[in-house]
Novice: 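First the structure, then my questions, so here it is.
If you're wondering where the values come from, they're calculated on a predicted model, not measured in any experiment. Side-chain atoms are counted along with the backbone in the values below, which use heavy atoms only and exclude waters and symmetry mates.
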Amino acid sequence: MPAVRAKPDEPFDATARRFRRAVEKANVLAELRRRAHYLKPSKRRQQQENAARKRLAKRLARESQAMGRDRHH
């Protein structure tokens, strides 16, 4: 867990901002969401495969769109 010490004469807002940045950098919220519910290993694998398929489809769509743009110019 990230820790931030308040500097003397530092406003609370600045300390809070530094803390938020530290939490974001440590990826705490993503880890919290991931651990919120137990996923059986088979379900976790299925989710990862689905995410990989989605990334591939996105990449292929982007590439075909870029190719289409290249043809028109």
Side-chain angles (χ1 to χ4, degrees):
M1 184 75 180
V4 174
R5 287 189 184 261
K7 296 175 184 170
D9 300 331
E10 182 181 26
F12 175 78
D13 295 342
T15 308
R17 195 174 325 118
R18 283 193 305 125
F19 178 74
R20 269 197 306 275
R21 213 173 291 137
V23 166
E24 203 172 298
K25 190 174 181 180
N27 218 9
V28 172
L29 293 179
E31 184 72 15
L32 182 70
R33 275 187 234 106
R34 189 177 72 81
R35 292 176 181 246
H37 302 286
Y38 177 75
L39 273 180
K40 292 180 1 184
S42 59
K43 287 288 185 184
R44 183 181 305 276
R45 208 172 311 114
Q46 187 178 20
Q47 269 189 350
Q48 289 174 341
E49 288 171 2
N50 287 343
R53 277 192 205 96
K54 186 175 179 180
R55 283 192 308 271
L56 178 64
K58 245 179 162 177
R59 194 183 85 218
L60 291 175
R62 244 184 276 121
E63 286 175 359
S64 69
Q65 189 178 28
M67 286 180 137
R69 250 183 288 163
D70 291 344
R71 277 193 221 132
H72 293 295
H73 293 299

Novice: So that I can tick it off, tell me whether E24 and R21 are bridged by a salt bridge, with the cut-off set at under 4.0 angstrom between side-chain N and carboxylate O.
Specialist: no
Novice: How many angstroms lie between atom NZ of K43 and atom OH of Y38, to the nearest 0.5 angstrom?
Specialist: 13.0 Å
Novice: Which residues pass the salt bridge (Lys or Arg N to Asp or Glu O under 4.0 Å) test with E63, sequence neighbours left out?
Specialist: R59
Novice: Find the distance between CG (L60) and CE (M67) and round it off to the nearest 0.5 Å.
Specialist: 10.5 Å
Novice: Considering only residues two or more places apart or on different chains, which pairs with a residue in residues 1-12 satisfy salt bridge (Lys or Arg N to Asp or Glu O under 4.0 Å)?
Specialist: E10-R18
Novice: Can you measure from CD (E49) to NZ (K54) and round to the nearest 0.5 angstrom?
Specialist: 16.0 Å
Novice: Is the shortest side-chain heavy-atom distance between R20 and K25 below 4.5 Å?
Specialist: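 R20 vs K25: side chains apart.
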Novice: Which pair of non-hydrogen atoms, one from P2 and one from V28, has the smallest distance, and what is that distance?
Specialist: CD-CG2, 3.8 Å
Novice: Under a 4.5 Å side-chain heavy-atom rule over Ile, Leu, Val, Met, Phe, Trp and Tyr, are L29 and F19 clustered together?
Specialist: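 Yes, L29 and F19 fall within the same hydrophobic cluster.
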